[in-house]
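To keep things clear, I will list the structure first and then write my remarks on it.
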Amino acid sequence: QVQLRDSGGGLVQTGGSLRLSCAASGRSFNNYVLALGWFRQAPGKEREFVAAISWRGGRTDYADSVKGRFTISRDNAKNTGYLQMNSLKPEDTAVYYCVAGSTIATISQGYWGQGTQVTVSS
């Protein structure tokens, strides 16, 4: 089993930056070849994919709405993933969830964090 703890959310003004972290515990990432990713859910909206990264970091995938502004990365030695969010917009306001799964394509079927709130003020 893998437990994910996401953190780093907060309140920021339009154009600001935040870095989310996703810390894994229970088992080392090295015991599981897991892709990492982030989803988000805004009030009244469905949960949507944000970004994902393969186990070795060689492949990344982003939603069109965040391309060029968000960067996903990971440090397997620290069992931690990151989502650097720049040029934030009010429409980025949501609860962000860290996810780990077998592949980028099936990541939503894996493990989920508890979520961290990101609020971007206009």
Side-chain angles (χ1 to χ4, degrees):
Q1 280 286 343
V2 174
Q3 291 83 43
L4 302 176
R5 182 170 58 86
D6 30 32
S7 61
L11 174 64
V12 65
Q13 291 185 334
T14 296
S17 298
L18 284 172
R19 188 176 81 155
L20 305 183
S21 297
C22 174
S25 62
R27 287 285 187 94
S28 166
F29 276 166
N30 291 329
N31 290 343
Y32 298 86
V33 180
L34 294 175
L36 283 182
W38 295 87
F39 282 70
R40 68 186 181 186
Q41 187 167 21
K45 295 188 177 181
E46 293 186 355
R47 194 170 293 182
E48 64 175 358
F49 169 79
V50 176
I53 185 169
S54 60
W55 184 67
R56 294 189 183 276
R59 178 188 165 189
T60 56
D61 196 11
Y62 295 93
D64 288 342
S65 59
V66 306
K67 281 180 181 176
R69 301 187 298 121
F70 291 10
T71 302
I72 190 170
S73 62
R74 63 189 297 163
D75 184 340
N76 289 345
K78 296 182 178 180
N79 289 343
T80 302
Y82 305 96
L83 184 68
Q84 177 67 42
M85 305 186 295
N86 298 329
S87 302
L88 283 162
K89 306 174 181 180
E91 50 263 45
D92 294 318
T93 295
V95 177
Y96 284 70
Y97 298 89
C98 174
V99 184
S102 299
T103 67
I104 288 178
T106 61
I107 200 167
S108 64
Q109 300 171 26
Y111 305 96
W112 287 74
Q114 82 286 354
T116 184
Q117 176 71 47
V118 172
T119 302
V120 184
S121 63
S122 57

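The figures here come from the full heavy-atom set of this structure, side chains too, leaving out hydrogens, waters and symmetry mates.
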**Asked** Looking at Gln41 and Lys45, what are the two nearest heavy atoms and their distance?
**Response** NE2-O, 3.1 Å
**Side-chain donor or acceptor of Arg59 paired with backbone N/O of Trp55 under 3.5 Å** = no
**Prompt:** Just how far is it from atom OG of Ser7 to atom CD of Gln114, taken to the nearest 0.5 Å?
**Reply:** 8.0 Å
**Request:** For the residue pair Gln84 and Ser73, establish whether any side-chain heavy-atom pair is separated by less than 4.5 Å.
**Result:** no
**Prompt:** Is Val2 reachable from Val99 through a run of hydrophobic residues whose side-chain heavy atoms are each under 4.5 Å from the next?
**Reply:** no
**Complete:** Taken to the nearest 0.5 Å, the spacing of Ile104 CD1 from Leu34 CG works out to 12.0 Å
**Item:** Student check: side-chain heavy atoms of Thr93 and Gln117 closer than 4.5 Å
**Value:** yes
**Residues forming a salt bridge (charged side-chain N to carboxylate O under 4.0 Å, His left out) with Asp61, sequence neighbours excluded** = none
**Request:** Would you please name every residue forming a side-chain hydrogen bond (donor to acceptor under 3.5 Å, both in side chains) with Glu48, sequence neighbours left out?
**Result:** Arg40
**Message:** Side chains of Thr116 and Asp6: any donor to acceptor distance under 3.5 Å?
**Reply:** no
**Request:** Give, for atom CZ of Arg74 and atom CG of Asn79, the distance between the pair rounded to the nearest 0.5 Å.
**Result:** 9.0 Å
**Message:** For residues Val120 and Leu18: do they belong to one hydrophobic cluster (side chain heavy atoms under 4.5 Å, members Ile, Leu, Val, Met, Phe, Trp, Tyr)?
**Reply:** yes
**Request:** Measure the spacing between CD of Gln3 and OG of Ser25 and express it to the nearest 0.5 Å.
**Result:** 4.5 Å
**Request:** Search all heavy atoms of Thr80 against all heavy atoms of Ser21 and return the closest pair with its distance.
**Result:** CG2-CB, 4.4 Å
**Item:** For Pro90 against Ser122, the heavy-atom pair lying closest together
**Value:** CG-CB, 3.9 Å
**Item:** Interatomic distance, Tyr96 atom OH to Cys22 atom SG [nearest 0.5 angstrom]
**Value:** 15.0 Å
**Asked** With sequence neighbours excluded, what pairs up with Tyr62 under the ring-ring contact (aromatic ring centres under 6.0 Å, His included) test?
**Response** none
**Asked** Is Ile107 reachable from Leu4 through a run of hydrophobic residues whose side-chain heavy atoms are each under 4.5 Å from the next?
**Response** no
**Message:** Main chain of Gln109, side chain of Thr106: is a donor-acceptor contact present, judged purely on distance under 3.5 Å?
**Reply:** no
**Message:** Assigning hydrophobic clusters by single linkage (Ile, Leu, Val, Met, Phe, Trp, Tyr; side-chain heavy-atom cutoff under 4.5 Å), is Leu36 placed with Leu20?
**Reply:** yes
**Asked** Taking Met85 as the fixed residue, which of Asp92, Val118, Val50 is the one that meets the side-chain contact (heavy atoms from CB on, under 4.5 Å) rule?
**Response** Val118
**Spacing of Ile72 atom CD1 and Tyr82 atom OH [to the nearest 0.5 Å]** = 12.5 Å
**Asked** So which heavy atom on Ala42 is nearest to which on Ala94, and how close?
**Response** N-CB, 3.8 Å
**Prompt:** Which class fits the ring pair Phe49 and Phe39: parallel under 30°, tilted 30 to 60°, perpendicular over 60°?
**Reply:** perpendicular
**Message:** Looking at Arg5, I want to see if its CZ is surrounded by more than 12 non-hydrogen atoms of other residues, nucleotides or ligands under 6.0 Å.
**Reply:** no
**Message:** Test of understanding: clusters of I, L, V, M, F, W, Y form through side-chain heavy atoms closer than 4.5 Å, transitively. Do Val12 and Leu83 belong to the same one?
**Reply:** yes
